[in-house]
Number of protein chains: 2
Amino acid sequence: MVKPMPSLSDEIEVFLKRMLEEAAGRVEIRRQRLAARFGCAPSQINYVLETRFTVDRGYSVESRRGGRGYIRIVKFSLSSPEWAMEYLGDRIGDLLTQPEAEAFIERLGEDGCLSPREVALMKAVVDREALALDLPYRDRLRAALLRRMVAAVLSCPPVDDRAEQ
Amino acid sequence: MVKPMPSLSDEIEVFLKRMLEEAAGRVEIRRQRLAARFGCAPSQINYVLETRFTVDRGYSVESRRGGRGYIRIVKFSLSSPEWAMEYLGDRIGDLLTQPEAEAFIERLGEDGCLSPREVALMKAVVDREALALDLPYRDRLRAALLRRMVAAVLSCPPVDDRAEQ
DNA sequence: AAATCAAAGGTCAGGGATGGTCAAACCGAT
DNA sequence: ATCGGTTTGACCATCCCTGACCTTTGATTT
């Protein structure tokens with residue numbers, strides 16, 4: 001009762017991410033087999049890939065059709081905020097939408113650059129409700145704020161308690 | 001002598017707060033189901049949330065639409081100092097200057113509610129350079145952002161999120 | 001080779017399931 | 001009668017999932 005019932009898409013996402021972890025960030029799947037396993041339409045797999053394994057989130061998806069067909073998912077990690085900053089500078093202009101910003105923040109979190117609380121904090125800032133401005137000013141402000149937040153994280157000593165041991 | 005008849009909104013408020021108590025300050029509901037239970041329009045639920053489960057009262061609310069949608073209500077950690085709640089309620093008006101915001105953030109940090117990085121993050125957001133707006137919009141935005149940041153952090157898992165391993 | 005077939009995966013529009021917004025109606029207390 | 005807090009309903013936005021139809025690739029047949 002406390003947890004929301006996960007959607008099928010959520011389950012497939014978790015399944016694939018677990019596979020990725022066990023396979024060092026690189027897996028190949030058969031669309032039909034996976035669909036059969038979850039008892040859904042094959043196109044559902046595409047939906048999951050399109051919404052949860054995007055480039056913004058740090059994944060690359062290639063595929064091949066026909067006999068011997070496959071879908072390959074590769075995860076790219078941002079191993080440090082330094083990298084993240086560079087990536088941010090390159091890939092993001094002066095404008096940034098909320099989904100783009102969230103994807104970026106979540107990615108930093110998944111890659112261990114941010115604690116869950118820091119992720120929550122940054123997502124709160126980037127929310128379109130918080131940034132009560134008309135477009136395109138809102139997207140501009142969001143981009144500026146995200147840059148500053150990443151910079152702040154960069155300049156502050158990592159708070160990784162685990163490293164102390 | 002006689003208490004005013006409680007409105008439907010009051011009843012829903014009580015109901016939700018009881019749920020929160022039983023669930024350690026974190027519940028997820030279906031808007032339609034709850035509305036059906038009280039025999040009211042679904043939007044009534046939004047009204048209750050907007051008027052009674054606000055940040056300055058110590059709650060944060062997130063939601064998701066579409067299939068398997070939900071509304072999640074989280075009551076701030078009880079460990080957050082009382083003065084902070086008071087601050088959220090009264091002292092932070094609709095307007096907030098940079099020094100005021102920084103003082104608030106630093107004090108939260110000193111009280112152990114925020115890590116040094118979280119302090120740095122929040123200060124970066126609250127900086128007048130980041131909020132490139134004219135007054136009084138800037139002070140208004142700053143107040144809104146601070147509220148949201150505090151809500152995000154205080155409603156996120158216990159302060160030491162790293163102990164999970 | 002060329003033609004054909006079979007076996008993947010890709011696309012897209014659409015329907016259903018949620019929740020969100022907002023203005024207007026409603027209602028109770030002054 | 002007015003004012004502020006309620007309550008509603010019409011309309012909107014988002015997310016999920018499917019099925020019909022399309023494209024590509026490799027193997028088989030001619």
Side-chain angles (χ1 to χ4, degrees), chain A residues 3-16 27-57 59-74 97-103 106 123 127-132 134-135 138, chain B residues 1-16 27-54 57 59-74:
Chain A
K3 282 192 302 191
M5 186 117 110
S7 67
L8 179 54
S9 291
D10 291 336
E11 286 177 25
I12 296 174
E13 175 188 6
V14 166
F15 178 81
L16 288 176
V27 298
E28 273 168 22
I29 58 172
R30 295 294 188 90
R31 192 180 74 151
Q32 293 206 50
R33 277 207 331 144
L34 190 56
R37 170 173 205 139
F38 283 94
C40 65
S43 54
Q44 173 89 33
I45 305 302
N46 295 87
Y47 176 75
V48 173
L49 292 174
E50 282 159 19
T51 55
R52 289 143 160 94
F53 292 85
T54 62
V55 174
D56 281 350
R57 291 171 185 264
Y59 297 90
S60 144
V61 177
E62 313 163 71
S63 65
R64 215 170 92 188
R65 310 187 192 191
R68 301 266 209 272
Y70 61 84
I71 296 178
R72 177 186 308 149
I73 310 172
V74 181
T97 68
Q98 177 174 343
E100 286 168 344
E102 285 177 345
E106 278 166 17
K123 280 167 83 172
D127 192 297
R128 74 172 63 87
E129 274 218 26
L131 276 23
D134 290 331
L135 292 173
R138 193 198 309 153
Chain B
M1 172 113 199
V2 191
K3 279 193 246 183
M5 189 153 93
S7 69
L8 179 52
S9 290
D10 292 335
E11 286 176 30
I12 296 175
E13 175 187 7
V14 167
F15 178 81
L16 288 176
V27 299
E28 265 127 26
I29 58 172
R30 296 289 186 97
R31 192 181 74 151
Q32 295 205 71
R33 277 205 335 143
L34 190 56
R37 170 171 206 143
F38 283 94
C40 65
S43 52
Q44 173 95 33
I45 307 302
N46 294 86
Y47 177 75
V48 174
L49 293 175
E50 281 160 20
T51 55
R52 291 145 160 92
F53 292 85
T54 58
R57 295 190 186 201
Y59 300 90
S60 83
V61 177
E62 315 163 71
S63 65
R64 193 165 148 192
R65 308 187 192 188
R68 299 288 202 271
Y70 60 84
I71 296 177
R72 175 184 305 146
I73 310 172
V74 181

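Numbered from 1 within each chain, the chains take letters A, B, ... in sequence-line order.
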Peer 1: Test for a donor-acceptor pair under 3.5 Å between the base of D/dG19 and the side chain of A/Ser43, counting only N and O atoms.
Peer 2: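 Side chain to base: pair present.
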
Peer 1: Is there a side-chain polar atom (N or O) of B/Arg64 under 4.0 Å from OP1 or OP2 of D/dA13?
Peer 2: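 No, no such contact exists.
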
Peer 1: Can you find a side chain N or O atom of A/Arg68 that sits less than 4.0 Å from OP1 or OP2 on D/dA27?
Peer 2: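 For D/dA27, OP1 or OP2 has a side-chain N or O of A/Arg68 closer than 4.0 Å.
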
Peer 1: Side chains of B/Leu34 and B/Leu16, heavy atoms from C-beta outward: is any pair under 4.5 Å?
Peer 2: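 They are in side-chain contact.
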
Peer 1: Pair B/Ser43, B/Asn46 - check side chain to side chain donor-acceptor pair (under 3.5 Å), show working.
Peer 2: CA-CA 5 Å; B/Ser43 52; B/Asn46 294 86; 5.8 Å; no

Peer 1: Within the structure shown, what part of the strands sits under 4.0 Å from A/Ile71 by heavy-atom distance: base, sugar-phosphate, or nothing?
Peer 2: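 Sugar-phosphate: the residue A/Ile71, judged by heavy atoms under 4.0 Å, touches backbone atoms but no base.
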
Peer 1: Under a 4.0 Å N-O cut-off, is there an ion pair linking A/Glu62 with A/Arg72?
Peer 2: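 Yes, this pair counts.
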
Peer 1: Please give me the minimum heavy-atom distance between A/Tyr47 and A/Arg52, naming the atom from each residue.
Peer 2: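 Scanning both residues, the minimum pair turns out to be CE2-NH1, 4.1 Å.
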
Peer 1: Could you tell me how far apart A/Arg30 (CZ) and D/dT25 (C1') are, to the nearest whole angstrom?
Peer 2: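 One finds 13 Å between C1' of D/dT25 and CZ of A/Arg30, rounded.
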
Peer 1: Please tell me which of the listed nucleotides, C/dG9, D/dT14, D/dT18, lies nearest to the side chain of A/Arg65?
Peer 2: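 Given the options C/dG9, D/dT14, D/dT18, the side chain of A/Arg65 is closest to C/dG9.
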
Peer 1: So, OP1 or OP2 of C/dT18: does either fall under 4.0 Å of a side-chain N or O from B/Ser63?
Peer 2: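 For C/dT18, OP1/OP2 do not have a side-chain N/O of B/Ser63 under 4.0 Å.
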
Peer 1: To the nearest angstrom, how far is B/Asp10 atom CG from C/dC27 atom C1'?
Peer 2: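 Rounded to whole Å, this separation is 14 Å.
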
Peer 1: Within the 4.0 Å heavy-atom criterion, would you say B/Leu8 contacts the bases, only the backbone, or no part of the nucleic acid?
Peer 2: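 Sugar-phosphate: the residue B/Leu8, judged by heavy atoms under 4.0 Å, touches backbone atoms but no base.
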
Peer 1: Does the side chain of B/Arg33 get closer than 4.0 angstrom to OP1 or OP2 of C/dT18 through an N or O atom?
Peer 2: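 For C/dT18, OP1/OP2 do not have a side-chain N/O of B/Arg33 under 4.0 Å.
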
Peer 1: Quick one: B/Glu50 CD to D/dG5 C1', roughly how many Å, whole number?
Peer 2: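 One finds 13 Å between C1' of D/dG5 and CD of B/Glu50, rounded.
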
Peer 1: Do the side-chain N or O atoms of A/Gln32 get closer than 4.0 angstrom to the phosphate oxygens (OP1, OP2) of C/dA8?
Peer 2: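 False: A/Gln32 side-chain N/O out of range (4.0 Å or more) of C/dA8 OP1/OP2.
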
Peer 1: Measure from the side-chain heavy atoms of B/Arg52 and tell me the nearest of D/dT6, C/dC22, C/dG10.
Peer 2: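 Of all the options, the side chain of B/Arg52 is nearest to D/dT6.
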
Peer 1: In terms of the nearest nucleotide of DNA chain D, which residue is placed more toward the 5' end: B/Pro42 or A/Pro6?
Peer 2: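 The residue mapped nearer the 5' terminus is B/Pro42.
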
Peer 1: Taking only side-chain nitrogens and oxygens of A/Ser9, does any of them come within less than 4.0 Å of OP1 or OP2 of D/dC17?
Peer 2: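 For A/Ser9, the contact criterion (side-chain N or O under 4.0 Å from OP1 or OP2 of D/dC17) is met.
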
Peer 1: Report the residue (B/Gly67 or B/Cys40) whose heavy-atom-nearest nucleotide on DNA chain D is the more 5′ of the two.
Peer 2: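 Its nucleotide being nearer the 5' end, the pick is B/Cys40.
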
Peer 1: Do any N or O atoms from the side chain of B/Glu28 and from the backbone of B/Tyr70 form a donor-acceptor pair under 3.5 angstrom?
Peer 2: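 No: the side chain of B/Glu28 does not pair with the backbone of B/Tyr70.
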
Peer 1: Roughly, in whole Å, what's the span from CG in A/Leu34 to P in C/dG9?
Peer 2: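 A/Leu34 atom CG is separated from C/dG9 atom P by 10 Å.
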
Peer 1: Rounded to the Å, how far apart are A/Glu129 CD and D/dA13 P?
Peer 2: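 So the two atoms are 14 Å apart, to the nearest Å.
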
Peer 1: Would you mind reading off the distance between A/Glu28 atom CD and C/dA8 atom P, rounded to a whole angstrom?
Peer 2: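 Those two atoms, CD and P, are 15 Å apart.
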
Peer 1: How many Å lie between CD on B/Gln44 and C1' on C/dG20, as a whole number?
Peer 2: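 Answer to the nearest Å: 15 Å.
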
Peer 1: Could you state the CZ-C1' distance from B/Arg31 to D/dC15, rounded to the nearest angstrom?
Peer 2: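 B/Arg31 atom CZ is separated from D/dC15 atom C1' by 15 Å.
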
Peer 1: Report yes if a side-chain nitrogen or oxygen of B/Tyr47 is closer than 4.0 Å to either non-bridging phosphate oxygen (OP1 or OP2) of D/dT6; otherwise report no.
Peer 2: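 B/Tyr47 to D/dT6 OP1/OP2: side-chain N or O found under 4.0 Å.
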
Peer 1: What distance do A/Asp10 atom CG and B/Arg64 atom CZ have between them, rounded to the nearest 0.5 Å?
Peer 2: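 These two atoms lie 4.5 Å from each other.
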
